[in-house]
Amino acid sequence: MDVIKIALVGIGKIARDQHLPALSADPRFELVATASRHGSIEGVTAFQDISELLKAVEVDAVSLCTPPQVRHELAAAALEAGKHVMLEKPPGATLSEVEHLRGLAADKGLTLHATWHSRFAPAVEPARAWLAERKVRSAKITWKEDVRVWHPGQEWIFEAGGLGVFDPGINALSIVTRILPQPFFLTSAELHVPENRQAPIAAELAFKDAAGNPVTAEFDFLQTGPQSWDIDVETDRGALKLTHGGAKMFVDGALTHEGPDREYPGLYAHFAELIANGESDVDVSPLRHVADAFLLGRHTAAPAFDY
Ligand code: NAP
């Protein structure tokens, strides 16, 4: 297959930390241009606007690394121009706009890849296989991190559509929607929104699965000291624990799987395969759970937050 000429849009933290190294190491891709109002990458043709880029440079694909609030317009422009598109998580600010992109890609015979990087953590597929052979009794998500460390100065995350603590929380939801054998549904939620912000800084969620078993989640953006990205699942035959965002798996306390961080190389390998096969991968289930929490959740005022 020919090398896929790709453009990166939105040169911020995740573009630099993960997309660039993953693309540099993957011979299936050639990074030929960027579009970002302020950011650029040394040695790569830079534009401030995606429409200028699409007019001036021949690319096969566009990978969008902006915040979700502006993603739909950029993705639609790229698809309209005949480019395959990869979306950072969450795939959009609303479910409807993602459905629009799905339809556009299908109409044009293009690949749309709505990525969930945490699903490529090394212990996620082993956990899925282990749980597929057991009856789940309960599941508990604990996702607590320090927003000042992981999202320094990112004002967009606390604006409407930025998801607040659901920006990391959706990573946990992307894992549980992959590994739990049964679908689950929100029954109640409490969202703590700082009085000077639009999006929650902490949340507690309660779900039940189709068999009535409880699934709970605790999200917190103010965790200092050790950080928690854990999922505990009790089953009829043992207890599973995923830690470090899905990098390690324990069964009844014993480590069974761990591996190096290959999340973004995995995402680009999958994108290349989807393009080669003429397919798309757009699973909105993690975003749907977040939308449900914003629909059903009680909003309580939390102290003002500043970086
Ligand atoms: P970021 O550091 O703020 O970078 C996003 C870039 O998008 C900005 O540098 C900005 O570049 C561009 N942009 C375009 N429109 C914007 C707007 N209205 N407001 C702010 N920036 C805008 O954010 P990030 O951490 O890279 O996150 C981007 C996406 O990646 C999010 O959806 C996030 O959930 C996802 N993600 C982040 C991480 C992480 O650890 N940070 C991990 C996985 C996934 P210009 O000013 O040059 O246009």
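Counting starts at 1 for both ligands and their atoms, following the listed order. Each residue takes its place number in the sequence, starting with 1.
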Checklist entry - Between Tyr264 and Thr115, does any side-chain donor sit less than 3.5 Å from a side-chain acceptor? => result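 No donor-acceptor contact under 3.5 Å links the two side chains.
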Checklist entry - So, Glu88 and His117: side-chain donor and acceptor under 3.5 Å apart, yes or no? => result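 There is no such pair between these side chains.
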Next on the checklist: Please work out, at 4.0 Å between heavy atoms, whether the side chain, the backbone, both, or neither of Gln18 comes within that distance of ligand 1.
Outcome noted: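 Looking at Gln18 and ligand 1, no heavy atom falls under 4.0 Å.
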Next on the checklist: At under 4.0 Å between heavy atoms, is it the side chain or the backbone of Asn171 that contacts ligand 1, or both, or neither?
Outcome noted: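 Neither; nothing of Asn171 gets under 4.0 Å from ligand 1.
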4.0 Å heavy-atom contact, [X] with ligand 1:
X      : result
Arg16  : no
Gln69  : no
Trp116 : no

Checklist entry - Would Glu258 and His244 satisfy side-chain hydrogen bond (donor to acceptor under 3.5 Å, both in side chains), going step by step from the backbone distance to the final call? => result CA-CA 10 Å; Glu258 69 177 321; His244 301 82; over 6 Å; no
Checklist entry - Would you find a donor on one side and an acceptor on the other, under 3.5 Å apart, between the side chain of Arg102 and the backbone of Val282? => result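 Here the side-chain-to-backbone pair exists.
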Can you list the ligand 1 atoms lying under 4.0 Å from a non-hydrogen atom of [X]?
X      : value
Val70  : 15 (N), 18 (N)
Gly39  : 47 (O)
Cys65  : 5 (C), 28 (C), 29 (C)
Pro68  : 32 (O)
Tyr264 : 43 (C), 44 (C)
Lys89  : 31 (C), 32 (O), 33 (C), 34 (O), 35 (C), 44 (C)

Checklist entry - Do you know which of Phe185, Phe207, Phe219 makes ring pair (Phe, Tyr, Trp, His ring centres under 6.0 Å) with His289? => result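 Considering Phe185, Phe207, Phe219, a ring pair (Phe, Tyr, Trp, His ring centres under 6.0 Å) with His289 is found only for Phe207.
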Checklist entry - Out of Ser36, Pro168, Gly10, whose heavy atom is nearest to atom 45 (P) of ligand 1? => result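 Answer by nearest heavy atom: Ser36.
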Item to check | Proximity winner for atom 33 (C) of ligand 1, if only heavy atoms of Asp167, Ile14, Leu74 are counted | outcome: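 Among Asp167, Ile14, Leu74, the closest heavy atom to atom 33 (C) of ligand 1 belongs to Asp167.
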Checklist entry - Using 30° and 60° as the class limits, which term best fits the ring planes of Phe294 and His299: parallel, tilted or perpendicular? => result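 Ring orientation, 0 to 90° scale: perpendicular.
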Next on the checklist: Which residues pass the side chain to side chain donor-acceptor pair (under 3.5 Å) test with Arg71, not counting sequence neighbours?
Outcome noted: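 In terms of side chain to side chain donor-acceptor pair (under 3.5 Å), with neighbours along the sequence ignored, Arg71 is linked to no residue.
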Item to check | side chain to side chain donor-acceptor pair (under 3.5 Å) partners for Ser188, two or more places apart | outcome: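 Applying side chain to side chain donor-acceptor pair (under 3.5 Å) to Ser188 gives none.
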Next on the checklist: Students should be able to answer this: which protein heavy-atom is nearest to atom 27 (O) of ligand 1, and at what distance?
Outcome noted: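 Nearest neighbour among protein heavy atoms for atom 27 (O) of ligand 1, to 0.1 Å: Trp156 CZ2, 3.7 Å.
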